[in-house]
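One structure is given below, encoded as structure tokens.
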Amino acid sequence: MPTELLFRNDAYLKSATAQVVALQDSGLELDRTIFYPAGGGQMGDSGVLLRANGERIIIADTRKGSTTDSVLHIPASGMPQPESGETLRLEIDWPRRYAMMRLHTALHVLSCVVLAPVTGGNISPDKGRLDFDIDLSLLDAAKIEQEANALIARAVQTETVWITDEELDARPELVKTMSVQPPRGAGRVRLLSIPGIDLQPCGGTHVQNIAEIGGIRVLKIRSEGKRNKRVEIGLLATGVSAP
């Protein structure tokens with residue numbers, strides 16, 4: 001059954017309660033969750049599920065389930081198993097998630113600085129990267145940092161926008177990523193809007209204001225093939241801390 005994706009409406013939820021609806025060898029399914037399942041290049045959340053008897057079930061990873069909008073919470077080895085229908089308290093590893101929210105939003109900004117088709121991407125807690133179909137000679141780390149941080153300093157509020165499948169089909173320029181197409185078939189597609197800067201389909205978690213990114217630095221620029229030039233970024237050490 002579909003899981004109610006609480007993070008979709010509020011990415012800042014750090015805890016919630018939920019009921020176990022299915023127990024599988026590989027993990028637990030709940031009726032609702034704040035845990036983001038790996039997707040769109042963003043790693044799945046980790047954290048803990050707390051039982052009423054005080055037992056802690058450490059969640060090592062979160063993945064998409066076998067059906068649309070179902071989420072599989074994968075426990076670490078040796079964890080106790082709850083019962084079907086049991087109510088649990090969910091707590092995500094918030095500093096880890098918030099770092100990925102900042103980096104994910106930073107990659108949206110990066111895609112507006114490097115003007116080329118995006119061929120891939122990845123977000124982990126300590127770094128993010130985008131691959132571009134561009135000549136390596138056109139990528140300058142200092143220029144990318146300067147332009148990206150100038151946009152971040154504008155402190156623009158982000159917005160979630162929903163459009164229909166048909167509206168997206170009529171505006172193919174919104175899809176920047178060549179390697180991953182937005183999911184269709186549900187009738188509508190979620191976009192992240194950074195007014196005046198960026199608008200593109202994305203189902204990930206993002207900060208409310210791009211000023212929360214705090215600033216980025218370019219860690220590496222290298223070639224990963226004829227049509228893949230990788231720009232890897234990290235957050236500035238003097239950036240903001242998790243709220």
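- Checked by atom type, the side-chain pair Asn228/Thr119 shows a donor-acceptor distance below 3.5 Å.
- Using a 4.5 Å heavy-atom threshold, the side chains of Arg230 and Phe132 count as separate.
- No more than 12 heavy atoms of other residues, nucleotides or ligands sit less than 6.0 Å from atom CZ of Arg56.
- Expressed to the nearest 0.5 Å, how far CD1 of Ile221 lies from CD1 of Ile233 amounts to 11.0 Å.
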Review item, side-chain donor-acceptor pairs of residues 201-210, under 3.5 Å, at least two apart:
unit_1: Thr205; atom_1: OG1; unit_2: Gln42; atom_2: NE2; d: 2.9
unit_1: His206; atom_1: ND1; unit_2: Gly204; atom_2: O; d: 3.4
unit_1: His206; atom_1: NE2; unit_2: His108; atom_2: NE2; d: 3.3
unit_1: Asn209; atom_1: OD1; unit_2: Ala211; atom_2: N; d: 2.8
unit_1: Asn209; atom_1: ND2; unit_2: Ala155; atom_2: O; d: 3.0
unit_1: Asn209; atom_1: ND2; unit_2: Gln157; atom_2: OE1; d: 2.8

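- Rounding to the nearest 0.5 Å places CZ of Phe35 at 12.5 Å from OG1 of Thr3.
- A pairwise comparison of heavy atoms in Arg51 and Pro80 identifies NH1-CB, 4.2 Å as the closest pair.
- Side-chain contact between Ile59 and Asp45 is absent, with no heavy atoms from C-beta onward closer than 4.5 Å.
- Listed by first and then second residue, the salt bridge (Lys or Arg N to Asp or Glu O under 4.0 Å) pairs that reach into residues 33-42 come to none, sequence neighbours excluded.
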Run the salt bridge (Lys or Arg N to Asp or Glu O under 4.0 Å) test on Glu224 and Arg222 for me, step by step, so that the C-alpha distance in whole Å, both residues' side-chain angles and the decisive distance to 0.1 Å come before the verdict. CA-CA 6 Å; Glu224 291 289 331; Arg222 64 180 183 272; 2.7 Å; yes

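- Contact between Thr158 and Ile194 at its shortest, heavy atoms only, is CG2-CG1, 4.1 Å.
- No path of Ile, Leu, Val, Met, Phe, Trp and Tyr side chains, each step under 4.5 Å between heavy atoms, connects Leu72 with Val20, placing them in separate hydrophobic clusters.
- Across all non-hydrogen atoms, the minimal contact from Gly214 to Leu236 is O-CD1, 3.9 Å.
- Here the side chains of Tyr98 and Pro243 are in contact, with some heavy-atom distance below 4.5 Å.
- Ile144 places a side-chain heavy atom less than 4.5 Å from the side chain of Leu110.
- Here the straight-line distance linking atom CG of Leu90 with atom OG1 of Thr17 works out to 8.0 Å at 0.5 Å rounding.
- A salt bridge is absent between Arg171 and Glu167: the closest approach of a Lys/Arg side-chain nitrogen to an acidic carboxylate oxygen does not fall below 4.0 angstrom.
- By the criterion of side-chain heavy atoms lying less than 4.5 angstrom apart, applied directly or through intervening Ile, Leu, Val, Met, Phe, Trp or Tyr residues, Leu136 is grouped together with Leu138 in one hydrophobic cluster.
- In the hydrophobic clustering, where aliphatic and aromatic side chains (Ile, Leu, Val, Met, Phe, Trp, Tyr) are joined below 4.5 Å either directly or transitively, Leu5 groups with Phe7, Tyr36, Val71.
- Two residues are said to be in side-chain contact when any heavy atoms from C-beta on lie closer than 4.5 Å; Thr164 and Val189 fail this criterion.
- Across Gly44 and Met100, no two heavy atoms sit closer than the pair O-CE, 4.4 Å.
- Under the 4.5 Å side-chain criterion, counting only non-hydrogen atoms from C-beta, Ile57 is in contact with Pro82.
- Taking CD of Glu145 as the start and CG of Leu219 as the end, the distance is 8.5 Å to the nearest 0.5 Å.
- Between the Trp94 side chain and the Ser15 main chain, no donor and acceptor come within less than 3.5 Å of each other.
- Both Ile92 and Leu13 belong to a common hydrophobic cluster when Ile, Leu, Val, Met, Phe, Trp and Tyr are linked at side-chain heavy-atom distances under 4.5 angstrom.
- Between Leu130 and Ser111 the shortest side-chain heavy-atom distance falls below 4.5 Å.
- Evaluation of the salt bridge (Lys or Arg N to Asp or Glu O under 4.0 Å) test over residues 10-33, restricted to residues two or more places apart or in two chains, returns Glu4-Arg32.
- Looking at Ser84 and Val21, their side chains never come closer than 4.5 Å, going by heavy atoms from C-beta outward.
- The pair Glu91-Arg89 meets the salt-bridge criterion, with a side-chain N (NZ, NE, NH1 or NH2) lying under 4.0 Å from an Asp/Glu carboxylate O.
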Can you give the donor-acceptor pairs under 3.5 Å from side chains of residues 122-129 to other protein atoms, not counting sequence neighbours?
unit_1: Asn122; atom_1: ND2; unit_2: Gly41; atom_2: O; d: 3.4
unit_1: Ser124; atom_1: OG; unit_2: Asp126; atom_2: OD1; d: 2.8
unit_1: Ser124; atom_1: OG; unit_2: Lys127; atom_2: O; d: 3.1
unit_1: Arg129; atom_1: NH1; unit_2: Asp131; atom_2: OD2; d: 2.9

Step by step, work out the side chain to side chain contact (heavy atoms under 4.5 Å, CB included) result for Arg96 and Ser46. CA-CA 8 Å; Arg96 178 179 181 273; Ser46 59; 3.5 Å; yes

Yes or no on side chain to side chain contact (heavy atoms under 4.5 Å, CB included) for Gln81 and Leu23, after CA distance, side-chain angles and deciding distance? CA-CA 8 Å; Gln81 181 167 289; Leu23 297 169; 3.9 Å; yes

Audit row: Leu191, Trp162, side chain to side chain contact (heavy atoms under 4.5 Å, CB included) steps and yes/no: CA-CA 6 Å; Leu191 310 182; Trp162 293 89; over 6 Å; no

Show the numbers, then the answer: is there a side chain to side chain contact (heavy atoms under 4.5 Å, CB included) between Asp198 and Val109? CA-CA 7 Å; Asp198 188 42; Val109 175; over 6 Å; no

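- Checked by atom type and distance alone, the side chain of Asn149 pairs as donor or acceptor with a backbone atom of Ile216 at under 3.5 Å.
- Taken to the nearest 0.5 Å, the CD atom of Glu147 stands 12.0 Å off from the CD1 atom of Ile152.
- Both Leu151 and Val218 sit in one connected hydrophobic cluster of ILVMFWY residues. Membership requires side-chain heavy atoms under 4.5 Å apart, directly or through other members.
- Put simply, Leu88 and Ile74 are part of two different groups of oily side chains (I, L, V, M, F, W, Y) that touch within less than 4.5 Å, one to the next.
- Scanning all heavy atoms of the two residues, the minimum distance from Gln19 to Gly85 falls at NE2-O, 3.6 Å.
- Listed for the Arg63 side chain is no donor-acceptor partner under 3.5 Å among the backbone atoms of Ala38.
- Between Ile197 and Cys112, the closest heavy-atom pair is O-SG, 3.1 Å.
- With rounding to the nearest 0.5 Å, the separation of OG in Ser223 from CG in Leu139 is 10.0 Å.
- Remark: Ala76 engages Ile58, Ala60, Met79 in a side-chain contact (heavy atoms from CB on, under 4.5 Å) (not counting sequence neighbours).
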